[in-house]
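Just follow the structure's listing: the first ligand is 1, and inside any ligand the first atom is 1.
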Amino acid sequence: MNKKLATIALAGALSLPAFAAQFITIGTGGVTGVYYPTGGAICRMVNKQKKKTGIRCSVESTGGSVYNVNTIHQGELDFGISQSDTAYQAYNGIGKFKGKAIKELRSTMAIYPELLSFVVAKRSGIKTLMDVKGKRVNIDTPGSGTRMTTEIVLKAFGIKHSDLKQIDELSSSEGPTLLKDDHVDGYFAVFGHPTANIKDAANSVDIDLIPIEGKPVDMLVKKYPYYAKGIISGTFYKGVTHDTPSIGVKAVLVTSAKTSDKVVYTVVKTILDNFAAFKKLHPAYKTITKKSLLDGLSIPQHPGAVKAFKEAGIL
Ligand code: GLU
């Protein structure tokens, strides 16, 4: 090697980052939902800066919120997306998490709103939530946030499992196929809208979305700070031309108190710095603002996230 080449090789070696690459994984949901593309959008932005930050981000498709918070607790995921009601119950050790509080769970940003969606085949004749009695429905897996919220809402309406003709516990990702095969009359899913999942269903079966409203919803919204009312627009899905009122939560990027301030700060700062580009990555982000990322966090925020929001002048 001549002297010049040797110098270039040496300079190349010296310009390597002085820190070891750090790998982080975000737990999401089924691939046709909104968590999965959201994790993908975050990772793509974080990875664009990996030379500078040393952080490499990857996503994992999972069963959803409950799986994500439990797996963060086990130390096998660094971040996860979770419904705000799931995060609240997990942190406080109530409901499904009674006696199993995840005290180290922290929020970073509450990305976008999600609404409980009761997707039915028109042929089922279901017009209101109470019509679910005597029908076949999918209520998602125990690892999903959908399952948790669906159980809470059914209970508030006084609907028992024994009122249903058949209960399936498959992932909401299977919902469109279950409807198409006439295996169920409807399925529940807590999603941001519009979502590919319900578009798939609407493109293969005549579907309807059932309003979830009335006194039980008013009661839940009044009682729990993380529930809010919302509307699924009548413009999103083929064949559903009416607006559908429902009850919703926020999709929150959560992590553990054990995740370093630097990593959390980098992830949150990356999204805040590139917010206009981020917003364009999914139609479910249409109404979000940098400020709305702080609404509905439901559990304490990680100090790394607090630092990024403070620097951006939002906190
Ligand atoms: N909210 C859903 C759940 O936690 C997942 C939604 C999605 O994958 O977009 O079960």
Side-chain angles (χ1 to χ4, degrees), residues 25-43 59-73 77 79-91 95-97 102 105 107 109-119 137-154 168-178 187-201 209 212 224 226-228 230 232 236-237 246-255 281-286 288 296-299:
T25 305
I26 305 179
T28 61
V31 292
T32 58
V34 186
Y35 285 8
Y36 186 73
T38 296
I42 295 170
C43 278
V59 283
E60 199 178 293
S61 169
T62 74
S65 301
V66 173
Y67 175 93
N68 294 341
V69 298
N70 282 332
T71 310
I72 287 174
H73 180 54
L77 278 174
F79 289 87
I81 307 179
S82 170
Q83 293 176 200
S84 44
D85 55 349
T86 309
Y88 183 91
Q89 294 206 353
Y91 178 78
K96 206 179 159 73
F97 295 87
I102 305 180
L105 198 64
S107 63
M109 41 187 181
I111 310 175
Y112 62 87
E114 296 185 278
L115 289 166
L116 176 61
S117 322
F118 184 25
V119 189
V137 288
N138 189 60
I139 57 172
D140 212 325
T141 66
S144 67
T146 290
R147 172 65 167 272
M148 205 193 95
T149 311
T150 301
E151 299 274 20
I152 290 168
V153 169
L154 288 180
D168 285 288
E169 300 182 87
L170 299 169
S171 162
S172 304
S173 333
E174 307 293 331
T177 310
L178 293 171
Y187 67 97
F188 288 94
V190 176
F191 279 136
H193 294 276
T195 166
N197 174 291
I198 301 179
K199 284 192 175 176
D200 286 354
L209 286 175
I212 297 173
Y224 301 108
Y226 41 81
Y227 285 131
I232 305 169
F236 288 153
Y237 306 109
S246 187
I247 181 168
V249 289
K250 286 295 279 290
V252 185
L253 182 70
V254 294
T255 187
L281 295 177
H282 199 287
Y285 310 154
K286 197 169 166 206
I288 71 173
L297 290 168
S298 87
I299 59 168

Query raised in the report: Can you find an N/O atom of Gln83 closer than 3.5 Å to an N/O atom of ligand 1?
Result: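 Yes; the residue has a nitrogen or oxygen that sits under 3.5 Å from a nitrogen or oxygen of the ligand.
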Query raised in the report: Any nitrogen or oxygen of Ser144, main chain or side chain, under 3.5 Å from a nitrogen or oxygen of ligand 1?
Result: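 Between Ser144 and ligand 1, no N or O pair is found under 3.5 Å apart.
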Identify, for [atom], the protein heavy atom at the shortest distance, and state residue, atom and that distance.
atom                    : result
atom 9 (O) of ligand 1  : Val34 N, 2.6 Å
atom 5 (C) of ligand 1  : Tyr35 CE2, 3.6 Å
atom 10 (O) of ligand 1 : Gly145 N, 2.9 Å
atom 6 (C) of ligand 1  : Val190 O, 3.3 Å
atom 4 (O) of ligand 1  : Ser65 OG, 2.6 Å

Any side-chain heavy-atom pair of [X] and [Y] under 4.5 Å:
X      : Y      : answer
Ile198 : Tyr187 : yes
Asp85  : Tyr224 : no
Ile102 : Ile72  : no

Requested in this report: Mark up the atoms of ligand 1 that fall under 4.0 Å of a heavy atom belonging to Phe191, in ascending order.
Outcome: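 In order of number, 6 (C), 7 (C), 8 (O), 9 (O).
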Report task. Taking only heavy atoms of Gly33 into account, list the atoms of ligand 1 that are under 4.0 Å away from them. Result ->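 Close to Gly33: 8 (O), 9 (O).
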Report task. Specify side chain, backbone, both or neither for Tyr36, according to which of its non-hydrogen atoms lie closer than 4.0 Å to ligand 1. Result ->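 Answer for Tyr36: neither.
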Query raised in the report: If every non-hydrogen atom of Ser82 is compared with every non-hydrogen atom of Ser65, which pair is closest and at what distance?
Result: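 Closest pair (atom of Ser82, atom of Ser65, distance): CA-OG, 3.5 Å.
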Query raised in the report: How about Tyr35 and Glu114: does a side-chain donor come under 3.5 Å of a side-chain acceptor?
Result: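 Yes, because at least one side-chain N or O of Tyr35 sits under 3.5 Å from a partner of the opposite role on Glu114.
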Requested in this report: Please check if the side chain of Thr195 supplies one atom and the backbone of Asn197 the other of a donor-acceptor pair under 3.5 Å.
Outcome: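 A pair under 3.5 Å: yes.
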Query - Any donor-acceptor N/O pair, Gln83 side chain to Thr146 backbone, under 3.5 Å - result: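 Flag set: sc Gln83 to bb Thr146 pair under 3.5 Å.
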